[in-house]
Number of protein chains: 2
Amino acid sequence: MAATLRDVARHAQVSLRTVNNVVSGYQHVSEQMRRKVQAAMEELDYRPNPVARTLRTGRSGVLALVVPEIDVPYFAELAREVINAADEVGYRVIVDQTGHDHDRERQLLTGADRSLLFDGLLFSPLVTPSELRAMQDGPAVPLVLLGEHDFDGRYDHVAIDNERAAYDAVQHLIGLGRERIAAIGVQPQETYTTPQQRTAGFRRAMTEAGLAVREPYLRAAAHYRRAAGYAAARDLLALPQPPDAIFCYADLLAMGAVRAVFDAGLSVPDDVAVIGIDDIDEGRYSRPTLSTVSLDTPHIAREAVKRVADRIDEPGQPALQITASHTVIARESTGGEVPIIHS
Amino acid sequence: MAATLRDVARHAQVSLRTVNNVVSGYQHVSEQMRRKVQAAMEELDYRPNPVARTLRTGRSGVLALVVPEIDVPYFAELAREVINAADEVGYRVIVDQTGHDHDRERQLLTGADRSLLFDGLLFSPLVTPSELRAMQDGPAVPLVLLGEHDFDGRYDHVAIDNERAAYDAVQHLIGLGRERIAAIGVQPQETYTTPQQRTAGFRRAMTEAGLAVREPYLRAAAHYRRAAGYAAARDLLALPQPPDAIFCYADLLAMGAVRAVFDAGLSVPDDVAVIGIDDIDEGRYSRPTLSTVSLDTPHIAREAVKRVADRIDEPGQPALQITASHTVIARESTGGEVPIIHS
DNA sequence: TTGTACGCGTTATCAA
DNA sequence: TTGATAACGCGTACAA
C-alpha cells in the first residue's frame with residue numbers, strides 16, 4: 001500500500017541512498033537527480049515511515065505530557081501551552097492521564113510502560129517524593145517535573161514558589177481585615193509536596209500577622225475539583241464559628257467553595273472572602289469573579305519544554321530548578337475591583 | 001544501554017526465539033527455560049522496544065484523539081472519557097490539538113503528517129464537509145468523526161441529533177413564556193455543519209411556536225469560548241429591543257453570556273434566560289447554575305472507541321452513523337429547580 | 001519444543 | 001556525487 005524508499009528508488013531508477021539524500025535535504029545532489037526522485041515520490045505518494053525512522057535514529061520527536069486529570073482546567077490550559085511551546089521547537093506532544101494512579105506514574109517514570117514512545121517527559125505528578133527518590137536508576141528518559149518543587153534537586157523542575165504564593169494569597173486576605181481564615185486542599189499525608197508547601201505559607205502568613213491557625217479550619221480535599229471544594233466549604237460553614245475567608249489550593253476548589261457559601265445563604269465576599277490559585281479562565285467570568293494567584297503558565301510551559309529539549313540533546317546536564325513568578329490578582333471574590341472583561 | 005532480545009538470549013544461553021516465546025507468553029515453553037529466561041530478563045532489566053515491535057507488526061496500539069482546543073472544557077471532558085474508554089479495550093490515546101488550523105486537520109486526515117503514529121483516529125473536526133468530501137482517497141487510517149454529523153455517510157461518526165437538541169433547548173425557553181429568543185454561536189459560513197444544524201433546530205422551534213426569528217438575534221461567535229459569548233450577549237443587550245432568552249451553542253458561550261447579562265445590570269433568569277449545550281461540570285456550580293443539553297459523553301466516547309477498534313480489526317466495514325441521546329436539563333439559568341449538588 | 005534466517009523501512013558506513 | 005550493504009530490535013515462517 002504505502003510506498004517505501006525502495007519503491008521510489010526502483011521507480012526513479014536510482015539507488016536507495018540517493019532517494020534518502022533527497023528526502024533528508026542533503027546538499028550534494030545533482031539537480032537532475034533531485035528532480036527525477038521528486039517526480040517519483042510525487043507519483044507514488046511517498047511518505048517517510050516515522051516508525052522505521054525512529055527505530056533507526058532513536059529519536060521520535062515526541063514529548064509526553066503527563067497529568068493526573070486532563071479535564072481539570074488548569075491541566076487543560078497547561079496542556080494547551082505545552083503543545084504550543086513544543087510546536088515552536090519542533091516537538092509534538094502526546095498527553096497522557098494517570099488518573100491519580102501511582103502505579104501508572106511509576107511505570108511512566110521507570111520506563112516500565114514502553115507502550116508509548118517519546119524522547120522526553122513533562123510530568124505533573126502526584127507521585128510521592130519518596131517514590132521519586134527511591135528511583136535510583138533515574139528516569140528512563142529525560143524528565144522535567146512540573147509543579148512539584150522539593151525533590152532534593154535530583155530532577156529538573158519548573159514551578160512557582162508555592163510557599164510564597166500561599167503566603168501572598170493569605171496576606172491578601174489578612175489585608176482585607178479577615179481574621180478567621182480557613183484553607184481547603186490541605187493534604188495530611190506527606191505524599192504531596194505542593195500542598196505541604198502551601199500549608200506552610202499559610203501558617204507563616206497567619207503567624208506573622210499574629211492570627212491563630214485553628215486546626216478545624218484546615219480542610220483536606222480528596223481531589224482538586226469543584227465537588228471537593230463545595231463539600232469542604234459547606235463543612236466549614238457549619239462550624240460553630242465559621243471562617244470569614246477561605247484560601248483554596250486550587251481555583252477549582254474555590255469555585256465549589258463559592259457556590260457552597262452562596263447555598264448557605266451567605267455572600268462572597270461580604271461574609272466570606274475566597275481566593276484560589278491557578279488563574280483559570282473560568283474565574284474571570286464567574287460570579288463573583290475569582291481572586292487568585294496567577295502562574296504565567298505559558299512561561300512555565302516554554303521553560304519546561306526548553307529544558308527537556310536541552311536535556312535530550314545533552315543528557316549529562318545537572319538538574320535545574322526553575323522558579324516561575326506568580327502574581328496575586330484581586331477580583332470580586334475578595335472585594336477587589338470589578339475587572340474589565342475584554343471581548 | 002537498553003537490553004534487547006538478543007542480549008537476553010545470550011545471557012540466558014538460549015535462542016532468540018525462545019526468549020520471544022517467553023515474552024509473548026507462548027504456551028509451549030518448558031518451565032525450566034521460562035525461569036532461566038525470566039531471570040535473564042530481570043537481570044538485564046529488559047523491556048521490549050515498542051518501536052521495533054510496531055515496525056514489525058504494523059500496529060502501535062495507539063489511538064489519536066484530535067480536538068480543536070484541549071482547554072475548552074467539553075473537549076477536555078471528552079478526552080478524559082476517550083482515554084478511559086480506550087484503556088478498557090487495550091488502547092492508549094494521544095491527544096492532539098489542531099488550534100482551528102484547517103491545514104493541520106487535513107494533514108492528519110490524509111496522513112500527510114506521519115510524524116505521529118497511531119492505528120486509528122477520533123476526530124472532532126472543524127474541517128469543512130466539502131474538504132472531507134473532497135478527500136477521495138479516504139483517510140489514511142481508520143477514522144471516526146465526533147460531533148459532526150452530516151457527511152453523506154462516507155465516514156463513521158457518533159454525535160447527537162444536533163437539530164433536535166437545539167429544537168428541544170429552544171422549546172424549553174418557549175415553554176417558559178419567552179418570546180424574544182436569541183442565539184449565540186451561529187456560523188454564517190457553510191463550513192461547519194453542527195452550528196448549521198443547531199440553527200435549523202432553533203428556527204423550527206420558533207416557527208412551530210409562531211414566534212418570529214429576528215435576524216439581529218442570530219449572533220456569530222468567532223470561537224466557542226467565554227469571551228465570545230460575553231461579547232455577543234453584550235451586543236444583544238444593547239439592541240433597542242433586547243432578547244428575553246438566549247440559546248447558546250455551547251456551555252462556554254453561555255457562561256460568558258450570563259456574565260454579560262449580569263454586567264449589564266440585569267438578572268438571569270428573570271430578565272434573560274440562558275441555556276447552553278454540553279453539560280460541562282462548570283455549569284453545575286456556577287451562579288446561576290446553567291441549564292443545558294446534556295450529551296452523555298462517556299457513552300459517545302465508548303461508542304467511538306469501539307467503532308475505531310472494530311474498523312482497525314476489520315477495515316472493510318460500511319460506515320456507521322451512531323446517534324447518541326441528549327437530555328435538556330433545567331437549572332437556575334432558566335428558572336429551573338435549584339439542583340441538589342452532591343458532595 | 002527450540003533454533004535459524006529473513007523482513008519491516010530507515011539511516012549510516014564504506015567504497016567507488 | 002552515488003551505489004551497495006549493514007544495522008536498528010522485533011516477530012514469525014520454516015526447519016530441526
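Worth saying up front: this structure is predicted, and the values here are computed from it rather than measured. Only heavy atoms go into these numbers, but all of them, side chains included; no hydrogens, no water, no symmetry mates. Residue numbers begin at 1 in each chain, while the letters A, B, ... track the order of the sequences.
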Rounded to whole Å, CZ of B:Arg56 lies from P of C:dA5 at a distance of 16 Å

Which residue lies more 5' along DNA chain D, comparing A:Arg6 with A:Met33 via nearest heavy atoms
A:Met33

Atom CD of A:Glu42: over 12 foreign heavy atoms under 6.0 Å:
no

Grab the CG-P distance between B:Leu16 and D:dC8 for me, whole Å please.
12 Å

Within this structure, what is the CG-to-P distance between A:Asn20 and D:dT2, rounded to whole angstrom?
13 Å

Length of the CG-P vector between A:Leu5 and D:dC8, whole Å
19 Å

Which side-chain N or O atoms in residues 295-304 of chain A pair as donor and acceptor under 3.5 Å with protein atoms at least two apart or in another chain?
{"residue": "A:Asp296", "atom": "OD1", "partner": "A:His299", "partner atom": "N", "Å": "3.4"}
{"residue": "A:Thr297", "atom": "OG1", "partner": "A:Tyr74", "partner atom": "OH", "Å": "3.4"}

Measure the distance from CG on A:Asn21 to C1' on C:dT10 and round it to the nearest whole Å.
13 Å

When the distance from CG of A:Leu55 to C1' of C:dA12 is rounded to whole Å, what number comes out?
13 Å

What I want to check is whether the side chains of A:Asn21 and A:Arg17 have a donor and an acceptor closer together than 3.5 Å.
yes

Any donor-acceptor pair, under 3.5 Å, between the side chain of A:Arg17 and the base of C:dT10, if you only look at N and O atoms?
no

Which part of the nucleic acid, if any, lies within contact of A:Arg53, taking any heavy atom under 4.0 Å across all strands shown: a base, the sugar-phosphate backbone alone, or nothing?
sugar-phosphate

Give a yes or no answer on whether the side chain of A:Thr54 reaches the backbone of A:Pro50 with a donor-acceptor pair at less than 3.5 Å.
yes

Picking from C:dT10, D:dG9, D:dG3, the nucleotide nearest the side-chain atoms of B:Thr4 would be D:dG9

From the options D:dT2, D:dA13, C:dG9, select the nucleotide whose nearest atom is closest to the side chain of A:Ser30.
D:dT2

